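Scroll down for the structure; my scribbles are underneath it.
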Amino acid sequence: MSKNIALITGVTGQDGSYLSEFLLAKGYEVHGIIRRSSVDFRERIAHLEGTPNFHLHYADMGDSMSLVKLVGKVQPTEIYNLAAQSHVQVSFDAPEFTADVDAVGVLRVLEAVRTNHLEKTCKIYQASTSELYGKVEEVPQNEKTPFHPYSPYAVAKLYGFWIIKEYREAYDMFCCSGILFNHESERRGETFVTRKITLAAARIAQGKQECLYLGNLDSLRDWGYAKDYVECMWLILQHDKPEDFVIATGVQHTVREFATLAFHHAGIELRWEGEGVNEKGIVVSGPAALVGKTVVAVSEDFYRPTDVVNLWGDPTKAKNELGWNPQTTSFEQLVQIMVKHDMEKVAADHVASVMRTNLAEYLEKGLVK
Ligand code: NAP
Ligand code: GDD
């Protein structure tokens with residue numbers, strides 16, 4: 001039997017790290033693309049380095065030559081194209097870079113496969129997004145809902161979606177898009193709203209931060225757990241025909257609801273007062289020193305020029321055709337997992353910082369050599 005060889009772009013990201021674990025457990029040989037950085041940003045996959053079937057290679061989504069050479073060397077049977085400038089707000093500040101990586105980058109991967117004559121043996125998964133629905137034209141959104149991208153990120157991802165479809169039809173390639181709704185975890189980047197909230201709730205509960213500043217509290221998202229979603233990426237490539245799928249939980253919540261629940265799990269009950277930019281989250285009960293204090297406030301800095309405010313996915317097709325369970329981890333469990341992790345992280349960071357301070361003092365006094 002021929003070996004399953006996966007190449008993952010974006011291996012150092014939230015999804016790349018979970019997908020690597022998932023595929024290694026299935027016996028795959030896993031290759032990941034990393035890019036050079038002046039500091040080490042590989043903490044999500046550090047625990048996998050040294051695993052016999054796990055290999056890392058330098059390449060970049062902006063460098064066709066590196067992708068062509070790597071695909072030729074690895075000879076993958078499956079490519080998971082997860083690499084992206086994935087932050088919607090950042091895409092307004094760096095639209096050209098976002099287009100290069102998130103749009104043309106997809107084309108580079110497809111052409112790397114064709115250049116190496118692997119189009120009949122290598123399946124490709126493209127990390128598409130619910131952001132394509134943008135200024136939504138219907139709720140909930142399914143595979144037939146019209147797209148209306150509403151940020152430079154979403155416009156770039158729309159190109160990725162269509163070029164995948166084009167190569168599927170033009171060259172009979174097995175390439176598919178997973179239209180994934182927001183999925184979060186304890187490995188989520190710290191500037192996405194969920195992780196920003198869970199980390200801040202943990203810091204505020206432990207006296208390390210005074211206030212959390214957020215943007216649009218009314219924004220609605222369909223939030224799932226990233227660990228559950230990577231299974232779907234794999235299932236999409238194991239399906240008997242190449243098709244696109246919506247992956248979502250089918251349940252929607254506001255940013256405000258996420259924050260209320262996150263603070264609750266950190267031991268703080270909030271009440272909300274005011275509207276728009278004047279809205280505040282005030283402590284009703286929790287640590288005595290915090291009661292009556294404003295711990296959440298709104299800052300216009302986090303408003304977007306155009307904001308996507310009503311994402312709600314319909315995962316019926318994935319459920320029926322892939323046998324995937326969208327409710328493996330509930331919203332309540334997801335928030336609890338993230339807060340528990342961040343409460344422990346903040347406490348551990350505190351211990352480490354006290355130890356560093358003590359060590360510096362001991363060294364200064366000549367108490368340790
Ligand atoms: P993430 O944590 O931001 O990870 C992005 C990955 O892309 C990182 O490994 C990053 O590498 C890599 N990357 C960025 N630019 C690159 C370049 N020029 N060359 C090579 N690698 C590059 O994102 P994620 O949450 O795991 O999401 C994975 C994919 O799914 C993305 O394409 C995202 O747009 C899409 N998506 C995510 C969600 C979600 O809710 N998480 C929903 C729908 C779609 P560095 O570590 O070096 O920066
Ligand atoms: N990041 C952030 N920071 N968002 C905030 C804040 C804040 O302080 N306050 C409110 N929000 C609102 C945003 O305006 C948006 O409406 C919502 O919270 C979610 O923002 P993000 O967590 O940044 O995620 P996103 O939905 O824009 O994008 C993520 O999900 C997409 C799938 O729908 C990313 O992972 C994308 O890569 C992914 O495609």
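Numbers here are sequence positions counted from 1. Not measured: the values here are computed from a predicted model. Atoms within a ligand are numbered from 1 in the order they appear, just like the ligands themselves.
Heavy atoms of Q89 come nearer than 4.0 angstrom to ligand 2 in no pair at all. By the 4.0 Å heavy-atom criterion, N182 is counted among the residues contacting ligand 1. For the ligand labelled ligand 2, residue R188 lies inside the 4.0 Å heavy-atom shell. Within the 4.0 Å heavy-atom cutoff, V309 does not count among the residues contacting ligand 2. Close to ligand 1: Y153, with a non-hydrogen atom less than 4.0 angstrom away. Heavy-atom separations between E131 and ligand 1 are all 4.0 Å or longer. The shortest separation from a heavy atom of S128 to ligand 1 is under 4.0 Å, placing the residue in contact.
Scanning the protein heavy atoms around atom 13 (C) of ligand 2, the nearest turns out to be R304 CZ, 3.7 Å. Closest to atom 5 (C) of ligand 1, if we only count protein heavy atoms, is A84 O, 3.6 Å. Ranking protein heavy atoms by distance to atom 38 (C) of ligand 1, first place goes to H183 CE1, 3.2 Å. Shortest contact from atom 41 (N) of ligand 1 to any protein heavy atom: R188 NH1, 3.1 Å. For atom 27 (O) of ligand 1, the closest non-hydrogen atom of the protein is D15 OD2, 3.7 Å. Among all protein heavy atoms, the one lying closest to atom 36 (C) of ligand 2 is S86 O, 3.3 Å. Protein heavy atom at the shortest distance from atom 19 (N) of ligand 1 is M61 N, 3.0 Å. Nearest to atom 1 (P) of ligand 1 among the protein's heavy atoms is S86 OG, 3.7 Å. Counting only heavy atoms of the protein, atom 9 (N) of ligand 2 lies nearest to G215 N, 2.7 Å. The protein non-hydrogen atom at the shortest distance from atom 46 (O) of ligand 1 is T12 OG1, 2.6 Å. Atom 47 (O) of ligand 1 has as its closest protein heavy atom R35 NE, 3.0 Å.
For E275, the CD atom is loosely surrounded, since the number of other residues' heavy atoms within 6.0 Å does not exceed 12. Within 6.0 Å of OH in Y213 there are 12 or fewer heavy atoms belonging to other residues, nucleotides or ligands. In E210, the CD atom is not crowded: 12 or fewer heavy atoms of neighbouring residues, nucleotides or ligands sit closer than 6.0 Å.
Close contacts between ligand 2 and V308 involve ligand atoms 16 (O) [criterion: under 4.0 Å to a heavy atom]. For ligand 1 and Q14, the ligand atoms under 4.0 Å from any heavy atom of the residue are 2 (O), 25 (O), 26 (O), 41 (N). Atoms of ligand 2 lying under 4.0 Å from any heavy atom of S219, numbered from 1 in the order shown and given with element: 15 (C), 16 (O), 17 (C).
For R168 and D172, the salt-bridge test fails: no basic side-chain N is under 4.0 Å from an acidic carboxylate O. Remark: E143 does not engage K165 in a salt bridge, criterion side-chain N to carboxylate O under 4.0 Å.
Contacts with ligand 2 closer than 4.0 Å are made by side-chain heavy atoms of D307 only, the backbone lying farther away. Of the heavy atoms in K157, only side-chain atoms (C-beta onward) come closer than 4.0 Å to ligand 1. Proximity of V101 to ligand 1, defined as any heavy-atom pair under 4.0 Å, is confined to the side chain (atoms from C-beta onward). Residue-level proximity to ligand 1 for S130 is absent, since no heavy atom of it falls below 4.0 angstrom.
Taking distance alone, with nitrogen or oxygen atoms compared against 3.5 Å, F181 stays at or beyond that limit from ligand 2. The N/O atoms of L180, backbone and side chain alike, include none that comes under 3.5 Å of an N/O atom in ligand 2. Between K196 and ligand 2, at least one pair of N/O atoms sits closer than 3.5 Å.
There is a side-chain donor-acceptor pair under 3.5 Å between T260 and W272. At a cut-off of 3.5 Å, with distance as the only test, no side-chain donor of H87 or Q85 sits close to an acceptor on the other residue. Under the 3.5 Å distance criterion, with hydrogens and angles disregarded, a donor-acceptor pair is assigned to the side chains of W234 and Y28. Using modelled atom types and a 3.5 Å distance limit, the side chains of S66 and D60 yield no donor-acceptor pair. With hydrogens and angles left out, the side-chain atoms of T249 and Q327 include no donor and acceptor closer than 3.5 Å. In summary, the side chains of N310 and Q252 do present a donor paired with an acceptor at a separation below 3.5 Å, with no hydrogens or angles considered. One side chain, Y80 or E78, offers a donor N or O that lies under 3.5 Å from an acceptor on the other. Donor-acceptor pairing under 3.5 Å is lacking for the side chains of H55 and E29.
Within the model, atoms NZ of K227 and CD of E184 stand 15.5 Å from one another, a figure rounded to the nearest 0.5 Å. Taking CD from E131 and OG from S151, the interatomic distance works out to 5.0 Å, rounded to the nearest 0.5 Å.
One option in Y133, Y153, F302 has a heavy atom closer to atom 39 (O) of ligand 2 than any other, and that option is Y153.
Side-chain N or O atoms of K317 include none that pairs as donor or acceptor with a backbone N or O of F245 at under 3.5 Å.
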inquiry  = Set out, in order, the CA-CA distance, both residues' side-chain angles and the distance that settles side chain to side chain donor-acceptor pair (under 3.5 Å) for D228 and T329, then state yes or no.
reply    = CA-CA 7 Å; D228 302 338; T329 308; 2.7 Å; yes
